[in-house]
Amino acid sequence: MKTILVTGFEPFLNHEDNPTRKIAAAIDGEVIGEYVVKAAVLPVTFSEAAGKVKEKIEETNPDAVMMLGLAAGRNRITPERVAINCNDGEVDNNGVKKQDEEIIEGGPAAYFSTLPIRTFVDRLTEAGIPAAISNTAGTYVCNNIMYQTLHYLKERDLSIPAGFIHVPASHQMALQKHGLASMSEEEMLRAVRLMIEAM
């Protein structure tokens with residue numbers, strides 16, 4: 001049986017919750033398709049999040065890595081195509097703000113996801129779940145861990161599929177913020193299970 005590492009994030013900025021935290025907790029230990037899920041919830045910090053992913057990779061020796069994050073405002077599941085070598089954006093949960101900073105000094109400009117993102121989008125669309133490939137993971141902690149994880153795997157010549165997927169806000173979050181696009185947590189959970197099956 002193969003192992004897949006799935007990561008979510010704790011709440012951040014002005015968000016009282018983060019649906020990816022609940023997804024990770026819900027599927028930890030589940031057998032989905034060919035994979036046993038090992039899940040972890042990460043801190044939303046530039047200094048610690050990627051290190052936690054690397055620790056979990058070393059601990060679980062996974063056959064695939066699927067990192068999840070919240071993109072409040074998006075209205076569909078969005079597998080990310082690319083991560084860029086740039087930290088920039090709002091303060092993280094340690095109060096640290098990055099601006100125009102390389103994630104890895106002198107590192108490649110970008111890394112492409114090695115997850116089957118087109119297959120994911122096709123599978124979700126067939127299942128009636130809104131999905132689309134996204135061409136920007138932003139420059140916040142989500143992009144940071146995608147870039148650092150893909151860099152780490154390449155440096156160690158580990159050819160396991162890895163990448164990042166953003167999910168919308170939950171309905172519960174939308175109740176707190178008028179006009180925020182949302183998806184039910186049940187639907188997001190179904191989407192993640194379908195993507196793991198599609199691996």
Mind running side-chain contact (heavy atoms from CB on, under 4.5 Å) on Met199 and Ile32 for me, showing each step along the way? CA-CA 10 Å; Met199 296 283 290; Ile32 302 171; over 6 Å; no

Among side-chain atoms of Asn93 and Glu10, is any donor-acceptor pair under 3.5 angstrom? yes

Arg190 and Ile129 have their tightest heavy-atom pair at NH2-CG1, 3.4 Å

Which pair of non-hydrogen atoms, one from Cys142 and one from Ala137, has the smallest distance, and what is that distance? CB-O, 4.4 Å

With side-chain hydrogen bond (donor to acceptor under 3.5 Å, both in side chains) as the rule and sequence neighbours excluded, what pairs involving residues 127-141 come up? Arg74-Ser134, Glu80-Ser134, Arg81-Asn135

Report the distance from atom CD1 of Ile77 to atom CD1 of Ile133, rounding to the nearest 0.5 Å. 14.0 Å

Would you give the length of the straight line joining atom NZ of Lys38 to atom OG1 of Thr3, rounded to the nearest 0.5 angstrom? 6.0 Å

About how many Å separate CD1 of Ile117 and CZ of Phe112, when rounded to the nearest 0.5 Å? 9.0 Å

Start with the C-alpha distance between Met66 and Ile196, add both sets of side-chain angles, then the distance that settles side-chain contact (heavy atoms from CB on, under 4.5 Å), and finish with yes or no. CA-CA 9 Å; Met66 181 183 286; Ile196 295 172; 3.9 Å; yes

Below 4.5 Å, heavy atoms only, C-beta onward: do Arg21 and Pro11 meet side chain to side chain? yes

Assigning hydrophobic clusters by single linkage (Ile, Leu, Val, Met, Phe, Trp, Tyr; side-chain heavy-atom cutoff under 4.5 Å), is Val31 placed with Val65? no

Are the side chain of Asn143 and the backbone of Ala83 linked by a donor-acceptor contact shorter than 3.5 Å? no

Looking only at atom types and distance, does a side-chain atom of Asp28 sit under 3.5 Å from a main-chain N or O of Ala39, one as donor and one as acceptor? yes

Before giving the answer on side-chain contact (heavy atoms from CB on, under 4.5 Å), spell out for Ser182 and Met173 the whole-Å C-alpha distance, their side-chain angles and the decisive distance to 0.1 Å. CA-CA 8 Å; Ser182 64; Met173 293 172 71; over 6 Å; no

May I ask you to decide if Gly106's main-chain N or O and Glu102's side chain share a donor-acceptor pair within less than 3.5 Å? yes

Given side chains that start at C-beta, do those of Ile160 and Pro62 come closer than 4.5 Å, heavy atoms only? yes

State whether the side chain of Asn94 and the backbone N or O of Val96 hold a donor-acceptor pair below 3.5 Å, judged by distance alone. no

Short N-O contact, Glu30 and Arg193, less than 4.0 angstrom: yes

Work out which heavy atom in Ala49 is nearest to a heavy atom in Pro43; give both atom names and the distance. CB-O, 3.3 Å

CD1 (Ile84) and CG (Asn144) are apart, to the nearest 0.5 Å, by 11.5 Å

Check whether any side-chain heavy atom of Lys154 lies under 4.5 Å from a side-chain heavy atom of Pro108, and answer yes or no. no

Verify the cluster assignment for Phe12 and Leu180: are they in a single hydrophobic cluster under the rule of side-chain heavy atoms below 4.5 Å apart? yes

Please evaluate residues Ile165 and Met195 with respect to the criterion side-chain contact (heavy atoms from CB on, under 4.5 Å), reporting the C-alpha separation (whole Å), side-chain torsions for both, the decisive distance (0.1 Å), and the verdict. CA-CA 10 Å; Ile165 297 155; Met195 288 187 286; 3.7 Å; yes

Take a 6.0 Å sphere around NZ of Lys54 and say whether it holds more than 12 heavy atoms from other residues, nucleotides or ligands. yes

Single-linkage hydrophobic cluster, 4.5 Å side-chain cutoff, Tyr35 and Leu153 together: no

Is any side-chain heavy atom of Val192 closer than 4.5 Å to one of Thr20? no

Should Ile57 and Ile103 be regarded as members of a common hydrophobic cluster, given that ILVMFWY residues are connected when their side-chain heavy atoms come within less than 4.5 Å of each other, either directly or indirectly? yes

NZ/Lys177: more than 12 non-hydrogen atoms of other groups inside 6.0 Å: no

So if you build clusters from Ile, Leu, Val, Met, Phe, Trp, Tyr with side-chain heavy-atom gaps below 4.5 Å, do Leu5 and Leu115 land together? no

So, do Pro168 and Met188 sit near enough that their side-chain heavy atoms are less than 4.5 Å apart? yes

To the nearest 0.5 Å, how far apart are CD in Glu187 and CG in Leu124? 9.0 Å

Heavy-atom donor-acceptor pair, Thr114 side chain to Ala162 backbone, under 3.5 Å: yes

Rounded to the nearest 0.5 angstrom, the CG-CD1 distance for Leu150 and Ile145 is 10.0 Å

Hey, are the side chains of Ile104 and Glu155 touching, using non-hydrogen atoms and a 4.5 Å cut-off? no

Correct closest heavy-atom pair for Ala24 and Gly8 would be CB-N, 4.1 Å

Is there side-chain contact between Val141 and Phe46, with at least one heavy-atom pair below 4.5 Å? yes

Closest contact, heavy atoms only, Thr149 versus Met67: OG1-SD, 3.6 Å

Going by the rule salt bridge (Lys or Arg N to Asp or Glu O under 4.0 Å), which residues pair with Arg76 if we only count those two or more places apart in sequence or in a different chain? none

What one should report as the nearest heavy-atom pair of Glu197 and Gly33 is CG-N, 4.1 Å

Could you check whether the rings of Phe164 and Phe9 sit parallel, tilted or perpendicular, using 30° and 60° as the cut-offs? tilted

Just by modelled atom types, is the Ser184 backbone N or O under 3.5 Å from a matching donor or acceptor in the His171 side chain? yes

Restricting to salt bridge (Lys or Arg N to Asp or Glu O under 4.0 Å), what partner residues turn up for Glu101, sequence neighbours left out? Lys98

Do Asn85 and Tyr147 have side chains that approach each other closer than 4.5 Å (heavy atoms only, starting at C-beta)? yes

